[in-house]
Amino acid sequence: MEYEKLNKLILKRLRENLPEHLSYHSVMHVKDVIDSVEKIAKSENVNDEDLLLLKTAALFHDTGFLFGSKNHEEKSCEIAEEYLSDYGYSESQTETIKGMIMATKIPQTPHNHLEQIVADADLDYLGRDDFFVIGDKLFEELSMFGIVNSERDWNLLQEKFLESHHYFTETAIKNRSQKKQDNLNIIKSKLKND
C-alpha cells in the first residue's frame, strides 16, 4: 500500500479543488482526522496494516465534497475506489476502507472496531479544547448553505447534536467524553442567557 504517495496526491487535489466556501470540510479537517485516527489507533493497539487502512479512510472520507455535500460519503467511496487498486490496495482492503468512510455518515453507525475508530476521529474535536474554534468554521459553512440562520439556531443544533452523540472506542470515551460534556454545558449556558 503506497499510502504516502496517495496522501500527497489526494491532499493536493483537495487543496486545489475543494470549494472555497467549505470553511469546515477543508484540508485542515482531513489532516485533523488523519491525526486523530493515528492517536486513537495507537491507544487501541491496532496493527500496522489496519493503521494504514484507517489513515487511508480518513484521507478519503470527505473527498466527496469535491462534487457537493449531498451523499458525499457515497461519492467519497467511489473516489477511493478509483485510486486504491493503482496504489497497491487489494479489493478486500478497499471494501474495508469504504465501510470506514460510510461509518462517518451522520448518524454514525459503525459496524466494527476500525469503523468505530474513524467515526470517533471524525468527531474528535467535540471533546477537545479547540471545539469552539472548529465549531465556528462549521457554523460559517452551515450558514452559507442556509442550514442555520443565527447563532441561537446554531447553539440549539449543537446542543441537540452533542446530546445525541456518543463515542464508540474506549480511548475516545476516556479522553473526550468529559470535555465534550463541558463544551455542552457552555452551550447550554449560552442558550439560557440568550
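Everything quoted here is computed from the prediction, not taken from an experiment. Index from 1, following the sequence.
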*Under 3.5 Å: donor-acceptor pair, side chain of Y24, backbone of E140*: no

*State, to 0.1 Å, how close K137 and M28 come at their nearest heavy-atom pair, and which atoms those are.*
NZ-CE, 2.9 Å

*asked:* Would you say that Q93 contacts L84 through its side chain, given a criterion of any heavy-atom pair below 4.5 Å between the two side chains?
replied: no

*Applying side chain to side chain contact (heavy atoms under 4.5 Å, CB included), run through L6 and D86 and close with a yes or a no.*
CA-CA 10 Å; L6 208 45; D86 294 343; over 6 Å; no

*Is there a donor-acceptor contact under 3.5 Å from the side chain of K180 to the main chain of H165?*
yes

*Within a strict 4.5 Å, meaning less than it, do heavy atoms of the M102 and H111 side chains meet?*
no

*asked:* Could you tell me if the side chain of F65 sits less than 4.5 Å from the side chain of V30, heavy atoms only?
replied: no

*Heavy-atom side-chain contact between F67 and E78 under 4.5 Å*: no

*Measure the CG-NZ distance between L51 and K42 for me, rounded to the nearest 0.5 Å.*
6.0 Å

*D35 and K39, any side-chain heavy atoms less than 4.5 Å apart*: yes

*asked:* Students often mix this up, so state it plainly: with edges at 30° and 60°, are the rings of H72 and H25 parallel, tilted or perpendicular?
replied: tilted

*Among all residues two or more places apart in sequence or in another chain, which pass the side chain to side chain donor-acceptor pair (under 3.5 Å) test with Y89?*
T56

_Can you tell me if E74 has over 12 outside heavy atoms packed within less than 6.0 Å of its CD?_
yes

*Roughly how far, to the nearest 0.5 Å, is the CG atom of L54 from the CD atom of E49?*
10.5 Å

*Can you name the nearest heavy-atom pair linking F139 to S150, along with the distance?*
CE1-O, 3.6 Å

*Charged N to carboxylate O under 4.0 angstrom, K8 versus E4?*
no

*Please check if atom CE in M144 has more than 12 non-hydrogen atoms from other residues, nucleotides or ligands closer than 6.0 Å.*
yes

*Under the 3.5 angstrom rule, does the side chain of D122 hit a backbone N or O of V33 as a donor-acceptor pair?*
no

*Walk me through it: do L22 and F145 pass the test side chain to side chain contact (heavy atoms under 4.5 Å, CB included)?*
CA-CA 10 Å; L22 295 178; F145 285 120; 4.0 Å; yes

*Tell me yes or no: between the side chains of N185 and Q181, is some donor less than 3.5 Å from an acceptor?*
yes

*Side chains of V118 and T104: closer than 4.5 Å at any heavy-atom pair?*
yes

*I117 to V37 - nearest heavy-atom pair and separation*: CG2-O, 4.1 Å

*Worked verdict on I187 versus F131 for side chain to side chain contact (heavy atoms under 4.5 Å, CB included)*: CA-CA 11 Å; I187 292 167; F131 170 74; 3.7 Å; yes

_Let me confirm one number: the CD-CG distance from Q108 to D120, rounded to the nearest 0.5 Å._
7.0 Å

*asked:* Within the structure provided, determine whether Y167 and L126 are in side-chain contact (heavy-atom separation under 4.5 Å).
replied: yes

*Taking all heavy atoms of I101 and all of S76, pick out the closest pair and write down the distance.*
CG2-CB, 3.8 Å

*When you measure from the side chain of D50 to the backbone N and O of V46, does any donor-acceptor pair fall under 3.5 Å?*
no

*Check whether any side-chain N or O of D130 sits under 3.5 Å from a backbone N or O of V133 as a donor-acceptor pair, and report yes or no.*
no

*Can I106 and L123 be said to form a side chain to side chain contact (heavy atoms under 4.5 Å, CB included), step by step?*
CA-CA 10 Å; I106 306 291; L123 295 174; 4.0 Å; yes

*More than 12 heavy atoms from other groups under 6.0 Å of NZ on K5*: no

*Taking atom CD of E2 as the centre, does the number of heavy atoms from other residues, nucleotides or ligands within less than 6.0 Å exceed 12?*
yes

*Is any side-chain heavy atom of R128 less than 4.5 Å from a side-chain heavy atom of R176?*
yes

*Would you please classify the geometry between the Y83 ring and the Y87 ring as parallel, tilted or perpendicular, with 30° and 60° separating the classes?*
tilted

_Side-chain donor or acceptor of N7 paired with backbone N/O of Y3 under 3.5 Å_ = no

*First locate atom NZ of K31, then atom OG of S36, and finally report the distance between them rounded to the nearest 0.5 Å.*
14.0 Å

_Salt bridge flag under 4.0 Å for residues E95 and K98_ = yes

*Mind listing the closest non-hydrogen atom pair of F168 and P110 along with its distance?*
CZ-CD, 3.4 Å

*Roughly how far apart are S164 OG and E159 CD, rounded to 0.5 Å?*
11.0 Å

*Okay, side chain of Q116, backbone of T169: is any donor-acceptor separation there less than 3.5 Å?*
no

*Enter the distance from E38:CD to K55:NZ here, rounded to the nearest 0.5 Å.*
4.0 Å

*T96 and L114: which non-hydrogen atoms are nearest, and at how many Å?*
CG2-CD1, 4.1 Å

*asked:* Around atom CD of E91, are there more than 12 heavy atoms from other residues, nucleotides or ligands closer than 6.0 Å?
replied: no

